[in-house]
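A quick write-up on the structure given underneath.
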Amino acid sequence: MNQWLTLCSVDQILPACGVCALAGDQQVALFRPYADEQIFALSNIDPFAQASVLSRGIIAEHQGELWVASPLKKQHFRLTDGVCMEDEQYSVPAYEVRVQNGNVEINTASLRSVTG
């Protein structure tokens with residue numbers, strides 16, 4: 001059964017920006033590319049630098065897909081699934097999120113599937 005955890009209001013994420021939220025004991029980077037309610041969620045940990053910085057990255061479009069560029073070493077991670085453009089073995093976890101009544105919620109089952 002899916003359980004959803006409220007992380008923040010969608011209005012707390014400015015369009016074209018990301019924010020970091022704590023879901024249980026995991027840092028989650030939430031991205032809102034446009035002024036609508038479409039939200040993406042990835043792990044906030046940059047696997048190249050082992051730093052909690054992906055939420056501070058720049059959102060960009062490349063070949064019709066949305067990516068975030070790490071602010072440290074500039075690797076790109078696809079917002080839909082966390083795949084690393086430069087080296088897929090360094091991909092980051094992506095999480096299922098939704099907006100419900102103006103709140104961003106994360107599926108806690110998607111968190112558990114990553115952590116075991």
Side-chain angles (χ1 to χ4, degrees):
M1 181 175 175
N2 288 338
Q3 292 187 346
W4 295 89
L5 174 66
T6 299
L7 298 176
C8 64
S9 165
V10 71
D11 294 332
Q12 292 178 296
I13 309 171
L14 295 174
C17 292
V19 298
C20 183
L22 195 58
D25 61 353
Q26 294 185 50
Q27 288 189 32
V28 176
L30 300 172
F31 299 98
R32 184 179 181 194
Y34 307 111
D36 59 16
E37 292 189 344
Q38 183 180 32
I39 303 292
F40 297 92
L42 301 176
S43 170
N44 194 42
I45 308 298
D46 179 332
F48 290 91
Q50 292 302 307
S52 303
V53 296
L54 288 185
S55 62
R56 299 290 184 182
I58 296 173
I59 300 170
E61 188 174 331
H62 178 69
Q63 296 181 345
E65 297 194 73
L66 292 170
W67 301 78
V68 62
S70 172
L72 295 180
K73 297 192 177 192
K74 309 302 183 226
Q75 284 84 4
H76 300 81
F77 300 91
R78 190 166 43 212
L79 293 184
T80 55
D81 59 9
V83 167
C84 179
M85 180 190 298
E86 290 79 13
D87 188 342
E88 287 188 19
Q89 75 178 7
Y90 287 97
S91 298
V92 297
Y95 307 111
E96 183 181 1
V97 290
R98 69 181 184 188
V99 176
Q100 193 79 359
N101 300 318
N103 292 312
V104 178
E105 300 178 343
I106 191 165
N107 184 341
T108 58
S110 69
L111 291 170
R112 282 193 290 274
S113 66
V114 171
T115 60

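In this text, all values refer to a predicted model and were calculated from it rather than measured experimentally. For the numbers below, each heavy atom of this structure counts, side chains included, while hydrogens, waters and symmetry mates do not.
- Around atom CG of Asp36, more than 12 heavy atoms belonging to other residues, nucleotides or ligands sit under 6.0 Å away.
- Atom OH of Tyr90 sits in a sparse spot, with 12 or fewer heavy atoms from other residues, nucleotides or ligands closer than 6.0 Å.
- Annotation: side-chain contact (heavy atoms from CB on, under 4.5 Å) contacts of Ala23 (sequence neighbours excluded): Leu5, Leu7, Val28, Ile106, Leu111.
- Considering only heavy atoms from C-beta on, Ile39 stays 4.5 Å or farther from Phe31 through its side chain.
- The shortest side-chain heavy-atom distance between Leu42 and Leu79 falls under the 4.5 Å cut-off.
- Cluster annotation: Val99 and Tyr95 are assigned to the same hydrophobic cluster (Ile/Leu/Val/Met/Phe/Trp/Tyr, side-chain heavy-atom contacts under 4.5 Å, transitive).
- Atom CD of residue Glu105 and atom CD of residue Gln3 lie 12.0 Å apart, to the nearest 0.5 angstrom.
- Looking only at side-chain heavy atoms (C-beta outward), Val92 and Cys84 stay at 4.5 Å or farther from each other.
- Here Asn103 contributes atom CG and Gln12 contributes atom CD; the two are 8.5 Å apart, rounded to the nearest 0.5 Å.
- Among all heavy-atom pairs drawn from Tyr34 and Leu66, the shortest one is OH-CD2, 3.5 Å.
- In this structure, the side chains of Leu54 and Phe77 come closer than 4.5 Å at one or more pairs of heavy atoms.
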Verdict with supporting geometry, Val97 and Asn107, side chain to side chain contact (heavy atoms under 4.5 Å, CB included): CA-CA 6 Å; Val97 290; Asn107 184 341; over 6 Å; no
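- In plain terms, the two heavy atoms of Ala94 and Gly82 that are nearest each other are CB-N, 4.1 Å.
- Taking each heavy atom of Pro33 and Ile59 in turn, the nearest pair found is CA-CD1, 4.1 Å.
- Looking at every heavy atom in both residues, Leu22 comes nearest to Asp25 through CD1-C, 4.1 Å.
- Annotation for Glu88 and Ser91: closest pair O-OG, 2.7 Å, computed over non-hydrogen atoms.
- Judged as a side-chain hydrogen bond (donor to acceptor under 3.5 Å, both in side chains), the pairs with a partner in residues 39-52 (not counting sequence neighbours) are, in order, Gln27-Asn44, Gln27-Ser52, Asn44-Ser55, Asp46-Ser70.
- Counting heavy atoms from C-beta outward, Phe40 and Leu30 have side chains that stay 4.5 Å or more apart.
- Counting all heavy atoms, side chain and backbone alike, Lys74 lies closest to Ala69 at O-CB, 4.4 Å.
- Using a distance-only test at 3.5 Å, with no hydrogens or angles considered, a donor-acceptor pair links the side chain of Arg32 to the main chain of Val10.
- In this structure, Asp87 CG and His76 NE2 are separated by 14.0 Å, a value rounded to the nearest 0.5 Å.
- By the side-chain contact (heavy atoms from CB on, under 4.5 Å) test, Arg78 pairs with Glu65, Trp67, Thr80, Asp81, Val83, sequence neighbours left out.
- Taken from CZ in Phe48 to NZ in Lys73, the straight-line distance is 8.5 Å, to the nearest 0.5 Å.
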Worked check of side chain to side chain contact (heavy atoms under 4.5 Å, CB included) between Arg98 and Trp4: CA-CA 9 Å; Arg98 69 181 184 188; Trp4 295 89; 3.2 Å; yes
